[in-house]
Asker: 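The structure under discussion is supplied below as structure tokens; questions concerning it will follow.
Every number for a ligand or one of its atoms is a count from 1 in the order of the listing.
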Amino acid sequence: MKNESRVIHQPRIDLPAGNEPLIGPVYRSVKFTFPSIGDAMTIEARRQGFDYARDSNPTTRQLECLCAELQGRDDAICVSTGMAAAWLALLGNLKAGDRVVFFVECYRPIRTMLRERLPQFGITHTMVSLHDHVAIEKALALDDTKLLIFEAPTNPMLQIPDFEAILAMAKANEVVTVLDNTFGGLHNHGRYDIDFLIHSLTKYASGHGDVMGGVVIADGQKIAALKPWAINMGATLDAGVAYMILRGLRTYYLRYARHSDSALKVASFLQGHARVERVFYPGLEDDPGYALAKRQMDNCGGVLSFDLGCKREQCWAFVDALELFATVASIGSTESLVAPVRLYFGQDLSGAEALQAGITDGTVRLSVGLEDPDDLIADLEQAFIKTFG
Ligand SMILES: *Cc1c(COP(=O)(O)O)cnc(C)c1O
């Protein structure tokens, strides 16, 4: 074989029997083959074999199996972003004429999907507050209601839904439940009877802010029904990225615990500060979500919000004055991040809706990173002095 051919038909490195790498290999291959068509058509090959990476890839499969296991389910489908996971879970479960119930407190792109994109395909919605159980019950009881999508804690205001109450209402009305568990993380909420758990793997799972990914996790039959949608949609997660996420997950528990501990320290500091009107963090004992979070979660994560009770200009000046917190609309990185909430997550909300969601012009969201929390508190302190004197 000429070298020109050899670079295409590369040498294979097979390991001797029993000689195992400690870290699984990254299968960069898009295509997988069998010695004969007959071999490819066996039941085992069709069930467990690999063919084309848009369908499946062993490295991506490794991540799917891990995510499913962490949430106590049989199966999962990895996709290229968290939003692709949300789209997959919704498109695979809805048809024209169906209604989706969701909460005003939710992540902005989910609201955009439900209010601006899906109506074009005949899918309607009802938006209520997650604290208004009477309105939730009414919306779930509508004949055309098919699906409920919710978050815990919510992005950006860290509200805690009452799982038992909300899931009981959904079950009674035979409504499919989808939990966007990005903030809760892969170790929380798996024990609840939720149909689909979705995550942005861009956040805590990968953890280092250098790759994007998403996952839909559910029981085997539900995933089997979604799989043809995923293959056809083509929002495939690249194997190299899956490897990066698998690598990130090795430190997931350490990171999430440290994010949570530091966020509690920062939240306590803010709560005691004269310039702060209100802190939103369910790990704080006097937060309205504390009792529910304590019952439902192991720990609350690294994101918190607070209200400066000031005008937009002062809020932006405060955000700009921070030095260790980068101004970014994301969470779950090693670095600490800050975002002006109304501007980044609430511009689509009317005045009344923003009020309902607890968002004002003075609301700031922090994603507490892995720095020493004393450094973060010192940075916040200097920003208070610089902005408010
Ligand atoms: C970031 C985020 C998403 C979307 O994830 P991407 O990977 O950015 O597409 C969905 N839900 C929540 C709660 C998020 O924070």
Asker: Which residue supplies the protein heavy atom nearest to atom 2 (C) of ligand 1, what is that atom called, and how far is it?
Answerer: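 Residue, atom and distance for the closest contact: K203 NZ, 2.5 Å.
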
Asker: Applying ring-ring contact (aromatic ring centres under 6.0 Å, His included), name anything that partners H131, two or more places apart in sequence or on another chain.
Answerer: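 If we apply the ring-ring contact (aromatic ring centres under 6.0 Å, His included) test to H131, skipping adjacent residues, there are no hits.
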
Asker: Answer yes or no: is there an ion pair linking D287 with R278, defined by an N-O contact shorter than 4.0 Å?
Answerer: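 Between R278 and D287 there is no salt bridge, as every charged N stays at least 4.0 Å from the carboxylate O atoms.
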
Asker: In this structure, which one of Y253, F183, Y204 forms a ring pair (Phe, Tyr, Trp, His ring centres under 6.0 Å) with H259?
Answerer: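 Testing H259 for a ring pair (Phe, Tyr, Trp, His ring centres under 6.0 Å) against Y253, F183, Y204 leaves exactly one candidate, Y204.
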
Asker: Which residue and non-hydrogen atom of the protein lie closest to atom 6 (P) of ligand 1, and at what distance in Å?
Answerer: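 Going atom by atom, the protein heavy atom closest to atom 6 (P) of ligand 1 ends up being G82 N, 3.4 Å.
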
Asker: How long is the straight-line distance from OG of S336 back to CG of L366, given to the nearest 0.5 Å?
Answerer: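 With rounding to 0.5 Å, CG (L366) is 8.0 Å from OG (S336).
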
Asker: Check ligand 1 against F183 and write out every atom of the ligand that is under 4.0 Å from a heavy-atom position of the residue.
Answerer: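 That gives atoms 15 (O) of ligand 1.
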
Asker: Can you report which non-hydrogen protein atom sits closest to atom 3 (C) of ligand 1, along with the distance?
Answerer: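 That would be Y107 CE2, 3.2 Å.
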
Asker: Aromatic contact between F163 and F150, with the criterion being ring centroids under 6.0 Å apart: yes or no?
Answerer: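 Aromatic pair counts; centres sit under 6.0 Å.
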
Asker: Would you mind finding which of H199, M83, M212 brings a heavy atom closest to atom 8 (O) of ligand 1?
Answerer: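 Nearest heavy atom to atom 8 (O) of ligand 1 lies in M212.
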
Asker: I need the nearest protein heavy-atom contact for atom 12 (C) of ligand 1: residue, atom name and distance, please.
Answerer: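 Minimum-distance protein heavy atom for atom 12 (C) of ligand 1 reads D180 OD2, 3.4 Å.
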
Asker: Do the side-chain N and O atoms of N57 and R28 include a donor-acceptor pair separated by under 3.5 angstrom?
Answerer: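 No, no side-chain donor-acceptor contact under 3.5 Å.
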
Asker: Please could you name the atoms of ligand 1 that T182 approaches to less than 4.0 Å, counting only its heavy atoms?
Answerer: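 Result: 11 (N), 12 (C), 13 (C), 14 (C), 15 (O).
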
Asker: Can you tell me if I331 has a non-hydrogen atom under 4.0 Å from ligand 1?
Answerer: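 Outside the 4.0 Å threshold, so no.
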
